[in-house]
Chemist: 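Have a look at this one before I ask anything.
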Amino acid sequence: MIGKWKWFRLAPPQVLTLGFAAIILIGAILLTLPISNTTGKPLNFMDALFTATSATCVTGLVVKDTGLYFSTFGQVVIMLLIQIGGLGFMTMATLIALVFKRRISLRDRLLLQEAMNQNTMEGIVRLIRKVIFFSLSIEGCGALLLAIRWSFDMPLGKAIYFGIFHGVSMFNNAGFDLFGHFNSLTGFVYDPLVNFVVMFLIVSGGIGFIVMSDLVDYQVHRKLSLHTKVVLSMTGALIVVGAVVIFIFEFTNPKTLGSLNWGGKILASLFQSVTPRTAGANTLNLADMRQASQFFTIILMFIGASPGSTGGGIKTTTFTILVGAVIAMIRGRDDIVLYRYRLAQERIFKALTITFLALFLVVGVSMILSTTEDSSFLMILYETTSAFGTVGLSLGLTPHLSLIGKILICLTMFAGRLGPLTFAYALGPKKGKELYRHPEGKIIIG
């Protein structure tokens with residue numbers, strides 16, 4: 001009897017992996033239906049699988065024009081996949097359980113703990129309630145503002161639909177848009193309302209639900225956690241530095257910032273710095289940017305968003321720990337100290353492991369794609385990093401990927417959404433207790 005049910009006794013990382021895979025498969029099947037597109041013919045399964053993976057993993061890389069190829073039914077399916085993928089299927093399952101007043105079991109709480117990247121189960125259901133409330137509230141506000149703005153350019157019903165779709169897409173850092181021709185938001189480069197609303201949605205979804213909860217509770221406790229301080233400071237620093245670097249590199253480029261006025265230059269630089277937080281929207285033609293800007297964007301995409309958010313990448317906290325380790329080593333200190341708090345070695349080892357696995361994945365996939373795709377290595381590296389970081393920015397390679405290329409990018413998006421460590425845990429053996437320690441050895445470094 002025990003052996004019969006052994007298959008169902010999976011570790012939380014394995015359950016999350018299978019859960020996301022099941023959602024992607026269901027989404028792919030729905031997108032293959034003739035009703036899902038404007039041609040009335042079935043979409044081939046590989047393209048449907050790629051689209052479903054991109055939506056569920058909130059990436060935004062597309063092989064078919066979302067606004068022109070997919071019907072309203074297909075677009076709604078994509079939007080639902082984005083919502084489920086962004087919040088996490090366990091969060092959505094918890095929402096259904098709460099609606100029907102079903103008890104949240106201990107195993108469910110363990111899964112939620114893994115999904116939200118928490119260190120403890122304490123208060124996890126309360127956090128999920130906040131996640132759902134924050135998400136729907138912010139998406140609703142964003143959708144309303146965008147619908148009001150676009151009601152001046154299109155019929156009211158269409159404006160509301162566009163507002164809802166883009167509110168969900170941008171908050172969940174998916175980057176899917178309905179404007180067609182793979183142009184994203186390039187038609188709104190001068191529009192301050194669209195730019196700032198979308199940037200607010202991107203940053204809100206990218207800082208993480210734990211930070212949101214901490215900021216809301218600040219009025220009561222008058223204190224922010226170390227995690228929140230690190231996330232906010234690093235996110236702000238990356239946005240400011242990114243905007244300045246892009247502004248400098250693209251200032252004289254006639255194809256990007258060079259043709260804009262000062263207001264447009266500043267707004268576009270800021271937007272292109274925010275969107276690598278794993279959002280995937282753009283107001284400039286990325287293929288026209290200089291290689292220095294493109295490579296710098298790769299770095300921003302690799303870092304990505306923050307833990308417990310809708311975004312991917314190695315995360316801002318991981319990058320902060322790596323920077324802290326370098327500074328500590330240069331200063332000859334044994335400990336990494338952030339805001340007068342010392343970090344445990346376990347955190348440092350985890351940050352190094354995540355970074356190494358991510359580099360291994362991005363470099364490995366890029367090397368394989370360089371032999372299967374007829375494109376420059378920078379374009380391939382850009383595409384692969386975008387897939388891993390679940391960003392969705394592209395220099396135009398996605399629609400031209402080969403079958404092998406689509407499969408590899410799908411796997412990269414999947415690993416990026418789950419997180420390289422969770423993905424490795426799901427595929428690897430169960431962690432056992434160490435019964436002994438080896439004697440200490442010494443090697444020369446540097």
Side-chain angles (χ1 to χ4, degrees), residues 58 60 66-67 75 78-79 82-83 86 134-207 212 215 232 235-236 238-240 242-244 246-247 250-251 256-286 289 297 300 305 309-311 391-393:
V58 289
T66 310
Q75 292 168 1
I78 290 172
M79 182 171 64
I82 292 171
Q83 187 71 84
F134 294 153
S135 301
L136 297 181
S137 299
I138 296 173
E139 287 174 358
C141 291
L144 178 62
L145 292 173
L146 291 175
I148 292 173
R149 165 61 187 86
W150 288 329
S151 65
F152 293 96
D153 301 334
M154 59 186 74
L156 181 59
K158 185 177 180 181
I160 293 173
Y161 173 62
F162 268 50
I164 294 173
F165 185 95
H166 291 89
V168 172
S169 177
M170 298 307 164
F171 174 77
N172 289 288
N173 282 213
F176 281 82
D177 71 274
L178 301 178
F179 291 99
H181 305 291
F182 302 102
N183 287 332
S184 190
L185 300 178
T186 53
F188 302 96
V189 63
Y190 280 113
D191 195 312
L193 180 60
V194 172
N195 275 261
F196 282 112
V197 169
V198 171
M199 283 191 287
F200 174 75
L201 289 171
I202 293 169
V203 174
S204 298
I207 59 176
M212 285 188 206
L215 290 174
L232 293 178
T235 299
L238 289 172
I239 291 174
V240 172
V244 171
I246 292 173
F247 183 86
E250 298 299 317
F251 185 80
T256 55
L257 297 185
S259 59
L260 306 179
N261 58 32
W262 273 93
K265 283 179 169 61
I266 295 173
L267 197 59
S269 299
L270 190 61
F271 193 95
Q272 264 55 234
S273 177
V274 169
T275 195
R277 296 273 67 73
T278 81
N282 56 282
T283 57
L284 296 176
N285 190 336
L286 302 175
M289 296 177 77
T297 303
L300 293 179
S309 72
T310 59
V391 182
L393 298 178

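Both backbone and side-chain heavy atoms feed into the values below; hydrogens, waters and symmetry mates do not.
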Chemist: Hey, are the side chains of Leu286 and Leu393 touching, using non-hydrogen atoms and a 4.5 Å cut-off?
Modeler: yes
Chemist: Ring of Phe251, cation from Lys265 - is the NZ or CZ under 6.0 Å from the centre and inside 45° of the axis?
Modeler: yes
Chemist: Do Thr283 and Leu185 touch side chain to side chain, with heavy atoms closer than 4.5 Å?
Modeler: yes
Chemist: In Å and rounded to the nearest 0.5 Å, what is the CD1 to CG distance from Ile202 to Asn172?
Modeler: 11.5 Å
Chemist: I need the Thr278 OG1 to Leu300 CG distance, nearest 0.5 Å.
Modeler: 12.0 Å
Chemist: Report yes if some heavy atom in the side chain of Asn195 is under 4.5 Å from a heavy atom in the side chain of Leu270; otherwise report no.
Modeler: no
Chemist: Of Phe196, Phe179, Phe162, Phe271, which is the lone residue that meets ring pair (Phe, Tyr, Trp, His ring centres under 6.0 Å) with Phe188?
Modeler: Phe179
Chemist: Just verifying a value: how many Å separate Leu178 CG and Ser184 OG, rounded to the nearest 0.5 Å?
Modeler: 11.0 Å
Chemist: If I compare all heavy atoms of Ala305 with all of Gly311, which pair ends up nearest, and what's the gap?
Modeler: CB-CA, 3.8 Å
Chemist: Asn173 side chain to Phe171 main-chain N or O, any donor-acceptor pair under 3.5 Å?
Modeler: yes
Chemist: Within the 4.5 Å heavy-atom criterion, are Leu201 and Glu139 side-chain neighbours or not?
Modeler: no
Chemist: Is Val197 close to Met170 at the side-chain level, that is, under 4.5 Å between some pair of heavy atoms?
Modeler: no
Chemist: State, yes or no, whether a side-chain contact exists between Tyr190 and Asn261 at a heavy-atom distance under 4.5 Å.
Modeler: yes
Chemist: Under 3.5 Å, is there a donor-acceptor pair between the Asn282 and Thr275 side chains?
Modeler: no
Chemist: Mind checking the OG-CZ spacing from Ser273 to Phe247? Nearest 0.5 Å is all I need.
Modeler: 13.0 Å
Chemist: Minimum heavy-atom separation for Ile164 and Met79, please, with both atom names.
Modeler: CG2-SD, 4.0 Å
Chemist: Counting distance only, does the side-chain N/O of Thr186 pair as donor-acceptor with the main-chain N or O of Asn183 below 3.5 Å?
Modeler: yes
Chemist: Which value, rounded to the nearest 0.5 Å, describes the distance between Ser309 atom OG and Arg277 atom CZ?
Modeler: 10.0 Å
Chemist: Among all residues two or more places apart in sequence or in another chain, which pass the side-chain contact (heavy atoms from CB on, under 4.5 Å) test with Leu284?
Modeler: Val189, Thr256, Leu257, Leu260, Ala268, Gln272
Chemist: Just to verify, what does Asn285 make a side-chain contact (heavy atoms from CB on, under 4.5 Å) with, not counting sequence neighbours?
Modeler: Ala287, Asp288
Chemist: Does the separation of the ring centres of Phe176 and Phe165 fall below 6.0 angstrom?
Modeler: no
Chemist: At what distance, to the nearest 0.5 angstrom, does OG of Ser269 lie from CD1 of Ile239?
Modeler: 13.5 Å
Chemist: Less than 4.5 Å apart, side chain to side chain, heavy atoms only: is that true for Trp150 and His166?
Modeler: yes
